**Q** 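Take this structure, written in structure tokens, and hold onto it; I'll ask about it next.
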Amino acid sequence: MHAWLCENPIGVDALTWKELPTPQPGAGEVLIEIQAASLNFPDLLIVQNKYQMKPALPFVPGSEYAGVVRAVGDGVKQLQVGQTVACLSGTGGFGTHTLAPAKLCMPLPDGFPAVDAAAFIMTYATSHHALIDRGQLKAGETVLILGAAGGVGTAAIQIAKAAGAKVIAAASTAEKCELCKAQGADATINYGTENLREAIKTLTDGKGPDVVYDPVGGDLAEPAFRSIAWRGRYLVIGFAGGPIPALPLNLPLLKGASLVGVFWGDFARREPQANSTMMSELARWYAEGRIKPVIDRTMPMSELKAAYARMGSRAVMGKLVMVN
Ligand SMILES: NC(=O)c1ccc[n+]([C@@H]2O[C@H](COP(=O)([O-])OP(=O)(O)OC[C@H]3O[C@@H](n4cnc5c(N)ncnc54)[C@H](OP(=O)(O)O)[C@@H]3O)[C@@H](O)[C@H]2O)c1
């Protein structure tokens, strides 16, 4: 097998494509031949030692992938050799093969291509858990989605529309706003050229959004929070924009609003039954055509460094997927 190896987490340039012995699965594990692996923002952070999870060195990055089970370890009853699965195991995806815990593998029904499956779990699970569970988004409410053309952002547009909400999608370019419209957004704000607060005021008749979905942070967070509606819920998803913003605590008081943390990974670990119910609903929505990953492009696995550069330069719209 071959894989991109991170021996020194000082950035993407230090990754090397290496031939490695093909491992045999231990108890509870499966060997997967990887067909597709998507890039998520944490994949960018983990090779710079900036992510909360710090794997032992050396490791193969690539949190999320899909492929074919080639061998099963002792005690694995639910998966068979030849079956196609998607898996989010945190590492291992940027190679030709990987070992994965069987309990993290989602068997794929017919009609679920590997490219879509590799781009599915992280973004849709995060956005569903955020909007429906943590945010209690209801039909008829208005949600503002920041970074709306990104991975979690595009999933959030589709899920909010599936929930019957009015979606205001905000992004940094006109091209990204067009993509958000095509995904079902009712209105868009280009925060590269427009004043965010003024635009929100105009689009909500001064009332503000009931829910704000924020994977960007930085300078957008405070104006977005200042715009929120009475009893609003501000969902803290991530900080792709860089600095972790600070918020004056009089703002939640004045709006009777809530600042709501979202950590899907820990939700899945702490509440596996609730997570599994949610994943079943998402798989059903996919089969019904209500949600579908937006694929920015597929690239050969050998071009991983170029893919990382594309994500780091804010060029990706939807999801980038590496294929073998
Ligand atoms: N809380 C959770 O459970 C959870 C789960 C998954 C992901 N996350 C977090 O969610 C965030 C987004 O993840 P993603 O996979 O959707 O990433 P992504 O596809 O790269 O999208 C991030 C968006 O952030 C905006 N952005 C602003 N400044 C940026 C910069 N300097 N570099 C890159 N992007 C920038 C970009 O939109 P514009 O150009 O339109 O501003 C971009 O589309 C990350 O912080 C990630 O860690 C959190």
Side-chain angles (χ1 to χ4, degrees), residues 12 37-48 50-53 61-64 88 90 93 118-135 144-159 168-181 183 185 188-194 196 213-221 223-224 234-245 259-271 275 278 293-297 307-321:
V12 175
S38 74
L39 260 81
N40 288 291
F41 206 78
D43 297 318
L44 195 57
L45 301 178
I46 206 168
V47 298
Q48 304 171 64
K50 288 185 182 165
Y51 192 51
Q52 59 237 32
M53 184 179 105
S63 49
E64 182 173 19
L88 199 157
F120 191 73
I121 300 177
M122 171 88 87
T123 51
Y124 285 93
T126 298
S127 294
H128 190 293
H129 173 54
L131 292 168
I132 309 298
D133 182 357
R134 303 292 289 133
L144 169 71
I145 299 169
L146 303 175
V152 296
T154 46
I157 295 175
Q158 295 176 6
I159 288 169
I168 301 173
S172 64
T173 68
E175 197 189 3
K176 288 184 173 185
C177 287
E178 275 310 306
L179 173 96
C180 295
K181 276 251 172 72
Q183 292 306 311
T188 57
I189 300 172
N190 176 350
Y191 49 65
T193 56
E194 293 176 70
L196 184 65
Y213 180 99
D214 181 8
V216 181
D219 292 342
L220 296 178
Y234 191 101
L235 304 173
V236 181
I237 311 295
F239 313 105
I244 296 177
L259 194 58
V260 183
V262 176
F263 188 176
W264 168 68
D266 247 33
F267 164 70
R269 274 184 289 279
R270 290 166 185 265
E271 302 178 45
N275 184 58
M278 179 185 83
V294 176
I295 306 299
D296 176 85
R297 64 188 58 192
Y308 265 120
R310 188 167 167 77
M311 177 170 249
S313 67
R314 222 167 152 171
V316 177
M317 298 204 293
K319 295 274 292 178
L320 259 181
V321 182

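All of these numbers come straight from a predicted model, not from anything done at the bench. For the single chain, residues carry numbers from 1 onward in sequence order. Remember, it's 1-based here, ligands and their atoms both numbered in the order they're listed.
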**Q** Using a 4.0 Å heavy-atom cut-off, which part of M122 comes near ligand 1: side chain, backbone, both, or neither?
**A**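 The side chain, only.
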
**Q** Numbering the atoms of ligand 1 from 1, which are under 4.0 Å from a heavy atom of A171?
**A**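 Answer, ordered by atom number: 40 (O).
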
**Q** For atom 3 (O) of ligand 1, find the nearest protein heavy atom and state the residue, atom name and distance (0.1 Å precision).
**A**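 Among all protein heavy atoms, the one nearest atom 3 (O) of ligand 1 is W264 N, 2.8 Å.
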
**Q** In the protein, what heavy atom is nearest to atom 42 (C) of ligand 1, and what distance, to one decimal place, separates them?
**A**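 Scanning the protein heavy atoms, the shortest distance from atom 42 (C) of ligand 1 goes to K176 NZ, 4.4 Å.
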
**Q** For the backbone of I237 and the side chain of Y213, can you confirm whether one donor and one acceptor N or O come within less than 3.5 Å of each other?
**A**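 Between the backbone of I237 and the side chain of Y213 there is no qualifying donor-acceptor contact (under 3.5 Å).
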
**Q** Could you list which atoms of ligand 1 come closer than 4.0 Å to a heavy atom of V262?
**A**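 Within the 4.0 Å cut-off of V262, ligand 1 contributes 1 (N), 2 (C), 3 (O).
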
**Q** I need the atoms of ligand 1 closer than 4.0 Å to a non-hydrogen atom of G241, numbered in the order shown.
**A**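 Heavy-atom distances to G241 below 4.0 Å select 27 (C), 28 (N), 29 (C).
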
**Q** With heavy atoms of P215 as the reference, note each atom of ligand 1 found under 4.0 Å away.
**A**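 Heavy-atom distances to P215 below 4.0 Å select 10 (O), 11 (C), 12 (C), 45 (O).
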
**Q** At less than 4.0 angstrom from any non-hydrogen atom of F263, what atoms of ligand 1 do you find?
**A**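 Listed by number with element: 3 (O).
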
**Q** Is the side chain of D43 donor-acceptor paired with the backbone N or O of S63 at a distance under 3.5 Å, no angle test?
**A**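 Between the backbone of S63 and the side chain of D43 there is a qualifying donor-acceptor contact (under 3.5 Å).
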
**Q** For atom 20 (O) of ligand 1, state which one of Y51, F41, Y213 supplies the nearest heavy atom.
**A**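 It is F41 that holds the nearest heavy atom.
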
**Q** Below 4.0 Å, non-hydrogen atoms only: which portion of T126 touches ligand 1? Side chain, backbone, both or neither.
**A**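 Answer for T126: side chain.
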
**Q** Rounded to the nearest 0.5 Å, how far does CD of E271 lie from NE2 of H129?
**A**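 So the gap between those two atoms works out to 7.0 Å.
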
**Q** Number the atoms of ligand 1 from 1 as they appear, then name those within less than 4.0 Å of a heavy atom of S172, with their elements.
**A**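 Result: 38 (P), 39 (O), 40 (O), 41 (O).
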
**Q** Which atoms form the tightest heavy-atom contact between A155 and T123, and what is the distance?
**A**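 That closest heavy-atom pairing would be CB-O, 3.7 Å.
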
**Q** Residue-level breakdown please: for F239 versus ligand 1, do any non-hydrogen atoms fall below 4.0 Å on the side chain, on the backbone, on both, or on neither?
**A**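 For F239, only backbone atoms sit under 4.0 Å from ligand 1.
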
**Q** Taking only heavy atoms of V216, which atoms of ligand 1 are found under 4.0 Å from at least one of them?
**A**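 Counting atoms of ligand 1 from 1, those under 4.0 Å from V216 are 24 (O), 25 (C), 27 (C).
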
